[in-house]
Amino acid sequence: MATRKVLVTGACGFIGSCFVRTLLARDPDVHVVNLDLLTYAGNPKNLASVEGSSRYRFVRGDIRDEALVTELVGDVDCVVNFAAESHVDRSTTEKAGAFIETNVYGTFVLLEALRLHRPTARFLQIGTDEVYGDVEAPGFPDEHSLLEPSSPYSASKAGADNLALAFSRTHGLDVIVSRCTNNYGPYQYPEKLIPLFITNALDELELPLYDGGTQIRDWLRVEDHCEALLLLLDRAETGEIYNIGANQEPERSNAEITEMILECAGRSKSLIRPVTGLRPGHDQRYAVSTQKLRALGWAPQADIEEGIARTVGWYAKNRSWWEPIKSGEYLEFYERHYGLSARR
Ligand code: NAD
Ligand code: TYD
């Protein structure tokens, strides 16, 4: 890889931490600065394995902090923006303002700093397939499809994508936008479906399955996502959007994913607790065309059964990572949102 100094934002989160671990292992010449605010979802333990590296530096701070961002972009070759408020349920039930402030305004601050101080750097905006909204089967939106976000989360991500692309067109910045489907794997904050259901199953707590569990998500292992991002940093055309997804065949419903988890964890289906009304505007299906990325030579490495089995194995072995998270603010949100107990 030609890139030498990379500013990664939000790398104490789930996907950013996997990206940094992979990047440092892959490229012996790369230097990484991680700018992360450590919100409830940020956890320095996700990067404990690289903390001692002389090629890694952690800066606790906010992507909305113009002065700090200006200082940090001064000599970078590349910025990869993972920093975000990322949970749909919090965007509908908590203050959605945080989503607009970090996801939209924060992205603007990064772009503006590059425009003024480092216009040659490459900017990779980490986006989501949720910007295409609810996709009727058998549709597979490509990168030119209409954006019809349903939640404040996906609307804020669409705003960030569009801002980044506007800075490419108007100011000539070297921008790439990726739009990935739902990720799963180690170190995912246990508020999203897969880590929540795995950790609840391991503790024999109920699994709150929304709206009949018929919804489809195109689950991709986080490692496969990060491989795609490394490829894009090297090979993507400037100003372009790239969808990333597993293209599961057959597509799997939330109910099927839940059953896979219960089977791998050796727990009974009686733990499933059907709930309704907790996901207003619930999108039925997400899916994307990934032909443009696959033409660059990328393909996912694990199928969903193997991926879920490995992921259940990771959470079973790494209780010391997730048990401390399931306390304090986590329990307050959980009990307020679900009206269920998350205490063992
Ligand atoms: P995450 O919630 O696990 O991590 C987000 C990180 O951003 C945390 O470490 C948090 O502390 C940090 N952060 C939040 N606000 C910040 C701010 N103002 N300044 C600096 N740091 C801040 O999220 P994730 O699941 O790793 O997602 C990372 C990115 O990938 C997000 O942009 C998300 O929209 C996108 N994405 C996620 C998925 C998925 O399935 N998780 C799928 C597609 C795209
Ligand atoms: P989630 O993991 O929150 O990701 P996203 O909303 O970004 O797709 O949700 C994935 C699917 O799982 C979605 O259809 C909602 C459903 N879901 C549940 O059934 N129960 C839950 O407790 C959660 C968090 C999600």
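Numbering starts at 1 and runs along the sequence shown.
Relative ring orientation between F19 and F82 is described as tilted, the plane-to-plane angle lying within the 30° to 60° band. Note: Y334 and Y330 have parallel aromatic rings, judged against thresholds of 30 and 60 degrees for the angle between ring planes.
By the 4.5 Å side-chain criterion applied to Ile, Leu, Val, Met, Phe, Trp and Tyr, F99 is assigned to a cluster that also includes V88, Y153.
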Chi angles and distances behind the salt bridge (Lys or Arg N to Asp or Glu O under 4.0 Å) call for R64, E101: CA-CA 8 Å; R64 294 166 295 179; E101 285 168 21; 3.1 Å; yes
Derivation of the side-chain contact (heavy atoms from CB on, under 4.5 Å) call for L23 and V6: CA-CA 10 Å; L23 178 61; V6 182; 4.2 Å; yes
Criterion side chain to side chain donor-acceptor pair (under 3.5 Å) on N254 and Y210, from CA distance to verdict: CA-CA 9 Å; N254 292 342; Y210 296 170; over 6 Å; no
Criterion side chain to side chain donor-acceptor pair (under 3.5 Å) on N243 and T290, from CA distance to verdict: CA-CA 5 Å; N243 290 338; T290 59; over 6 Å; no
Stepwise salt bridge (Lys or Arg N to Asp or Glu O under 4.0 Å) check, E256 with R217: CA-CA 11 Å; E256 288 169 309; R217 300 290 183 268; over 6 Å; no
Steps toward side-chain contact (heavy atoms from CB on, under 4.5 Å) verdict (V175, L111): CA-CA 9 Å; V175 165; L111 289 162; 4.2 Å; yes
Criterion side-chain contact (heavy atoms from CB on, under 4.5 Å) on T199 and E323, from CA distance to verdict: CA-CA 9 Å; T199 54; E323 280 182 347; over 6 Å; no
Worked check of salt bridge (Lys or Arg N to Asp or Glu O under 4.0 Å) between R4 and D29: CA-CA 6 Å; R4 287 293 172 265; D29 298 320; 3.7 Å; yes
Full working for side chain to side chain donor-acceptor pair (under 3.5 Å) between S86 and K192: CA-CA 10 Å; S86 69; K192 308 279 166 47; 2.9 Å; yes
Intermediate values then yes/no, side chain to side chain donor-acceptor pair (under 3.5 Å), D174 and T238: CA-CA 5 Å; D174 180 8; T238 191; 2.7 Å; yes
Derivation and outcome, side-chain contact (heavy atoms from CB on, under 4.5 Å), residues Y184 and H225: CA-CA 10 Å; Y184 68 98; H225 182 189; over 6 Å; no
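The 12-atom threshold is exceeded at CZ of R336, counting heavy atoms of other residues, nucleotides or ligands nearer than 6.0 Å. More than 12 heavy-atom neighbours from other residues, nucleotides or ligands sit within 6.0 angstrom of CD on E306. Few gaps surround CD on E112; more than 12 heavy atoms of other groups in view lie less than 6.0 Å from it. For E136, the CD atom counts as loosely surrounded, since its 6.0 Å shell holds 12 or fewer non-hydrogen atoms of other residues, nucleotides or ligands. Around CD of E335, the count of heavy atoms belonging to other residues, nucleotides or ligands within 6.0 Å exceeds 12.
Under the 6.0 Å distance and 45° angle rule, R179 does not count as a cation-pi partner of Y242.
Distance CG/L47 to SG/C18: 10.0 Å, rounded to 0.5 Å. Within the model, atoms CG of D36 and CG of D62 stand 10.0 Å from one another, a figure rounded to the nearest 0.5 Å. For the atom pair CD1 of I216 and CG of D134, the computed distance is 11.0 Å after rounding to the nearest 0.5 Å. Of the inter-residue distances, the one linking L296 atom CG with Q291 atom CD reads 12.5 Å to the nearest 0.5 angstrom. Rounding to the nearest 0.5 angstrom, the gap separating the OG atom in S53 from the CZ atom in R21 is 14.0 Å. Atoms CG and CZ, on L110 and F108 in that order, are 10.5 Å from each other to the nearest 0.5 Å.
Of all the heavy atoms in A137 and R285, the pair that sits closest is CA-NH1, 3.5 Å. Across all their heavy atoms, A302 and R310 have their closest contact at CB-NH2, 4.3 Å.
The pair K157-D129 does not meet the salt-bridge criterion, since no charged nitrogen lies less than 4.0 angstrom from a carboxylate oxygen. Using a 4.0 Å cut-off between a side-chain N of Lys or Arg and a carboxylate O of Asp or Glu, R252 and D218 do not qualify as a salt bridge. Salt bridge D142/K292: absent, no basic N to carboxylate O contact under 4.0 Å. R279 has a carboxylate O that lies under 4.0 Å from a charged side-chain N of D89, or vice versa, which qualifies the two as a salt bridge. For D77 and K5, the salt-bridge test fails: no basic side-chain N is under 4.0 Å from an acidic carboxylate O.
Taking the side chain as every heavy atom from C-beta outward, L147 and P149 approach each other to under 4.5 Å. Counting heavy atoms from C-beta on, the side chains of Q215 and H282 come closer than 4.5 Å. The shortest distance between side-chain heavy atoms of C12 and F58 falls below 4.5 Å. Using a 4.5 Å heavy-atom threshold, the side chains of N182 and Y286 count as touching. Using a 4.5 Å cut-off on side-chain heavy atoms (C-beta onward), Y338 and E206 make no contact. Side-chain contact check for C78 versus L124: every heavy-atom pair is 4.5 Å or farther apart. When side chains are defined from C-beta on, C180 does not count as touching T128, because their heavy atoms never get closer than 4.5 Å.
Taking hydrophobic clusters as Ile, Leu, Val, Met, Phe, Trp and Tyr residues chained together by side-chain heavy-atom distances below 4.5 Å, L165 shares a cluster with V104. In the hydrophobic clustering of this structure, V109 does not group with L37; members are Ile, Leu, Val, Met, Phe, Trp, Tyr whose side-chain heavy atoms approach within less than 4.5 Å, directly or through other members. Cluster annotation: L205 is not connected to L207 through the hydrophobic network of ILVMFWY side chains, with a link wherever side-chain heavy atoms come within less than 4.5 Å. The hydrophobic clustering, which links ILVMFWY residues whose side-chain heavy atoms are closer than 4.5 Å, places I325 and F197 together.
With sequence neighbours left out, F167 forms a ring-ring contact (aromatic ring centres under 6.0 Å, His included) with H171. With sequence neighbours excluded, no residue forms a ring-ring contact (aromatic ring centres under 6.0 Å, His included) with W298.
Counted by atom type alone, T214 and Q284 present one or more donor-acceptor pairs between their side chains at under 3.5 Å. There is a side-chain donor-acceptor pair under 3.5 Å between Y56 and N34. Looking at T9 and N81, their side chains do bring a donor and an acceptor atom within 3.5 Å of each other.
With hydrogens and angles ignored, the 3.5 Å screen pairs a side-chain donor or acceptor of N318 with a backbone N or O of W314. Under a 3.5 Å cut-off, the side chain of R57 and the backbone N or O of V32 do not form any donor-acceptor pair. Within the 3.5 Å criterion, the main-chain N or O of L72 finds no donor-acceptor partner in the side chain of R118.
Residues W322 and Y189 place their aromatic rings such that the two centres sit no closer than 6.0 Å.
Considering K326, R319, R267 in turn, R319 is the only one that fulfils the salt bridge (charged side-chain N to carboxylate O under 4.0 Å, His left out) rule with D203.
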